[in-house]
Amino acid sequence: MLRLSQLFVRTLRDDPADAEVPSHRLLVRAGYIRRVAPGGYSWLPLGWMVLRNVERIVRQEMDAMGAQEVHFPALLPRDIYDLSNRWNEYGDNLFRLVDRRGADYLLGPTHEEMFTLLVKDLYSSYKDLPVSLYQIQTKYRDEARPRAGILRGREFLMKDSYSFDIDDEGLQLSYDTHRATYQRIFKRLGLPYVIVKAMSGAMGGSMSEEFLAPIDVGEDTFVRCTSCDYAANTEAVTTALSVVNDTDISAPQNIPSPDCPTIVTLVNLLNAQYARADRQWTAADTLKNVVVMLRHPDGHTEPLVIGVPGDREVDMKRVAAQVSPAEVDVFDEAAFALYPALVRGYIGPTVLGLTSTSEIRYLLDPRVVLGSEWVTGANQQDVHVAHLVHGRDFTADGTIEAAEILAGDPCPLCSSPLEIARGIEIGHVFQLGRKYAEIFGLSVLDKNGKPAVVTMGSYGIGVSRAVASIAEVFHDDLGLRWPRAIAPADVHIVITGKGDDGTTQFATDLAQQLETDGLKVLLDDRASVSPGVKFKDAELLGMPIIVIVGRGLAAGTIEVRDRLANTTTDVSSDTVAAHIVTLARSDG
RNA sequence: CGGGGAGUGGCGCAGCUUGGUAGCGCGCCUGGUUUGGGACCAGGAGGCCGGGGGUUCGAGUCCCCCCUCCCCGACCA
């Protein structure tokens, strides 16, 4: 039994000034967490109970699917991460440190390397596979911008697991098993989620899906089809390729366009001086060429021009996801000086491409379809060119999904409109393939006695982030509202009375009875605290059931509030214990 | 790394324009009165006013430099 008179907690009357999102605000105000550094939080007793409850559910389900728990150090030597090149690839997000002998160490941001080496260390036969291992570990990432309390910390608790299979069919099975387990976990946690297609990013590999909790304060943007079940992170949305067959387009025509370096000025000029008979020119008629500088993990840089329809912005997040592990830098003045072929404001496709004289890589968004005609830069100051046809007058080195995705865009599967929403990434399942196995030489002997490279999957759940996500979903104006499965206690008993009126005695007996019945009770036994304060605290702290032992006791009734359903019931003091036990064991 | 906001007892804030004894509310301690919606009275404790340099008889306040935090973007469980 938890007694509020003894519990190490202090609730705050006012919202902390530095907290914006509800989970951060309420977790601090209710005394669940305290900030100690940017992206670093201490867990106080109530918060720690919630975190451990989430962890327990995750662990139970992982064990139930047959995965086995291990535990690695967070402090890891550099050489292992040099082999996978992640000492470099991870960039500034890696916490690096040096020991007394001058040796480089890092704090693990994720543990693919360690798991791969561990399996290599112990296993050497196909008979040993498949195997899935996991750990629940504190991870460290030196995030550029930690935010929203424990939603994005620099130190956070994560369940990461890895599957090892002899062939692709096995990997698919392991992947499906993890996926199903994740669905069970999030159901038990009470977290709503959408499974979206994702980019494989810096990890390499192929099939990848994210579990997003659809919450507006989330950092991921995803699309969902309004009619079929297509859903994807905007980074991973694909555009159906099509072709225009119009052989009746005029030859390219240069048009003088002084002081028209932007799409808006260009469209205005076209309508003023080159008005077309059928309709107005729009930004969608223009081909916008955006230059970025790619910085590869080995340090070398490369310019890249991306062509998108002029009515769309380039979504740098999408670009970054597709050029990963290279990083995208802005193309600044100094860079333009190095590449005179690129005329700022008048860049056009005719001088671009790896096989052109400029040797600058040129990629097109798939919306710039083969056979379509465009107005675009003519690669000289103050000149644009019209009637330039993709495939006839210019080609590119390939396609890149770069244009921003807008609500109403057609679904790539069924062409119905897409809707856009924000979400918190609470889980990620991923077919890694053989990348790490090859790097670390993880192979086993197959049936024929020949070495076969193992194929891997990697799967993560942000445990501490799940706590924040649950708080985001389950709160109201008054405070937190924990689902029964993860609440620090099942019942919060409030005593309002003078102490000599029998309320304290009754409440204490009731608490004892409920504990005997297997419930966890938080008893507000504070003397000389006014009822108003106790009510406010009970609502803020968020136990799913609030029981008030007060003035009704004289008439033989106890007030039972269901914080989740937001209902209040007066129950006879004789039967209240049974009533509460039943309520606590119901769904919710 | 770009843009915006902010650093004053544990928490929330005022004071700065116009330099002159560091304040308010909450919380905390003591005593008393209260007890169904953040009670009341009286008395208390607690502050290198983010840091460093300057200007001045005198700086929380004016000037310069630095640091930190929060929010929005670029990056990621």
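Reminder, nothing fancy here: chain letters follow the sequence lines and each chain counts from 1.
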On RNA chain B, compare the nucleotides closest to A:Leu151 and A:Leu478; which residue's is nearer the 5' end? A:Leu478
Using the P atom on both, measure B:G58 against B:A14 and round to a whole Å. 30 Å
Under a 4.0 Å N-O cut-off, is there an ion pair linking A:Arg312 with A:Glu404? no
Could you tell me whether the side chain of A:Glu539 has a donor or acceptor atom within less than 3.5 Å of a complementary atom in the base of B:G38? no
Interatomic distance where CZ belongs to A:Arg526 and P belongs to B:G27 [whole Å]: 12 Å
Which part of the nucleic acid, if any, lies within reach of A:Gly550 when heavy atoms closer than 4.0 Å are counted: base, sugar-phosphate only, or nothing? base
Set of side-chain contact (heavy atoms from CB on, under 4.5 Å) partners for A:Pro544, sequence neighbours left out: A:Arg484, A:Ala487, A:Leu564
Identify which one of A:Leu212, A:Val196, A:Ile424, A:Ile215 satisfies the side chain to side chain contact (heavy atoms under 4.5 Å, CB included) criterion when paired with A:Asp220. A:Leu212
Inter-nucleotide P distance (B:G27, B:C40), Å rounded: 9 Å
Secondary-structure string, 5' to 3', Watson-Crick or G-U under 3.5 Å, | for another-strand partners, for RNA chain B: (((((((..((((......[..)))).((((((.....)))))).....(((((..]....))))))))))))....
For the ring pair A:Tyr459 and A:Tyr162, is the centre-to-centre distance below 6.0 Å? no
Within the 4.0 Å heavy-atom criterion, would you say A:Gly31 contacts the bases, only the backbone, or no part of the nucleic acid? nothing
From the candidates B:C70, B:C75, B:G12, the one with an atom nearest any side-chain atom of A:Arg35 is B:C70
Is a donor-acceptor contact shorter than 3.5 angstrom present between the side chain of A:Arg147 and the base of B:G73? no
Can you check the A:Tyr41 OH to B:C69 P distance for me, whole Å? 11 Å
B:A77 and B:C67, which share atom name P, separated by this distance in whole Å: 30 Å
NA contact type, A:Val463, heavy-atom cut-off 4.0 Å: base, sugar-phosphate, or nothing? nothing
Rounded to the Å, how far apart are A:Arg10 CZ and B:G27 P? 11 Å
Salt bridge (charged side-chain N to carboxylate O under 4.0 Å, His left out) with A:Glu539: which of A:Arg561, A:Lys534, A:Arg481? A:Arg561
Candidate nucleotides B:A77, B:C11, B:G27, ranked by approach to the side chain of A:Glu143 - the nearest: B:A77
In this structure, how many angstroms lie between the C1' atom of B:G27 and the CZ atom of A:Arg13, rounded? 9 Å
By the 4.0 Å heavy-atom rule, please label A:Ala148 as base, sugar-phosphate, or nothing. sugar-phosphate
With distance as the sole criterion, do the side chain of A:Asp15 and the base of B:G12 form a donor-acceptor contact below 3.5 Å? no
Measure from the side-chain heavy atoms of A:Asp14 and tell me the nearest of B:G12, B:A77, B:G38. B:G12
Whole-Å distance, A:Arg34 CZ to B:C69 P, equals 16 Å
Only one of A:Lys159, A:Glu209, A:Lys187, A:His428 passes side chain to side chain donor-acceptor pair (under 3.5 Å) with A:Tyr182; say which it is. A:Lys159
Inter-nucleotide P distance (B:U61, B:G51), Å rounded: 10 Å
When rounded to whole Å, the CZ to P distance for the pair A:Arg29 and B:G12 reads 12 Å
Same-atom distance (P) from B:G53 to B:A59, integer angstrom: 13 Å
Under 4.0 Å between any heavy atoms, over every strand shown, what does A:Ile548 touch: base, sugar-phosphate, or nothing? Just pick one. base
Begin from the C-alpha positions of A:Glu401 and A:Arg318 and carry the test salt bridge (charged side-chain N to carboxylate O under 4.0 Å, His left out) through to its verdict. CA-CA 7 Å; A:Glu401 291 282 354; A:Arg318 302 188 75 208; 3.1 Å; yes
Using a heavy-atom cut-off of under 4.0 Å over every strand shown, decide if A:Glu210 touches base, sugar-phosphate, or nothing. nothing
Among B:C13, B:G38, B:C11, which is the nearest nucleotide to the side chain of A:Lys536? B:G38
In terms of side-chain heavy atoms of A:Glu425, which of B:G36, B:A77, B:C11 is nearest? B:A77
For B:U30 and B:G46, measure between their P atoms and round to the nearest Å. 16 Å
Need to verify one output field. Residue with the more 5' nearest nucleotide on RNA chain B, A:Gly532 or A:Leu157? A:Gly532
When the ring planes of A:Phe72 and A:Phe115 are compared, do they come out parallel, tilted or perpendicular, using 30° and 60° as the limits? perpendicular
Can you identify which nucleotide, out of B:G36, B:A39, B:C11, has its nearest atom closest to the A:Ser530 side chain? B:A39
Pairing of A:Lys139 and A:Asp160 as salt bridge, 4.0 angstrom limit: yes
Ring centroids of A:Phe535 and B:G36 base under 5.5 Å with planes under 30°: no
How close or far is atom P of B:A77 from atom CD1 of A:Ile470, stated in whole angstroms? 19 Å
Side-chain atoms of residues 7-16 of chain A: list all donor-acceptor pairs with protein atoms under 3.5 Å, sequence neighbours left out, distances to 0.1 Å.
{"from": "A:Thr11", "atom 1": "OG1", "to": "A:Asp537", "atom 2": "OD1", "distance (Å)": "2.9"}
{"from": "A:Asp15", "atom 1": "OD1", "to": "A:Arg29", "atom 2": "NE", "distance (Å)": "2.9"}

Inter-nucleotide C1' distance (B:G60, B:G20), Å rounded: 13 Å
Span that lies between the C1' atom of B:C57 and that of B:A45, in whole angstrom: 34 Å
Nearest-angstrom distance from the residue atom CZ of A:Arg561 to P of B:G37: 11 Å
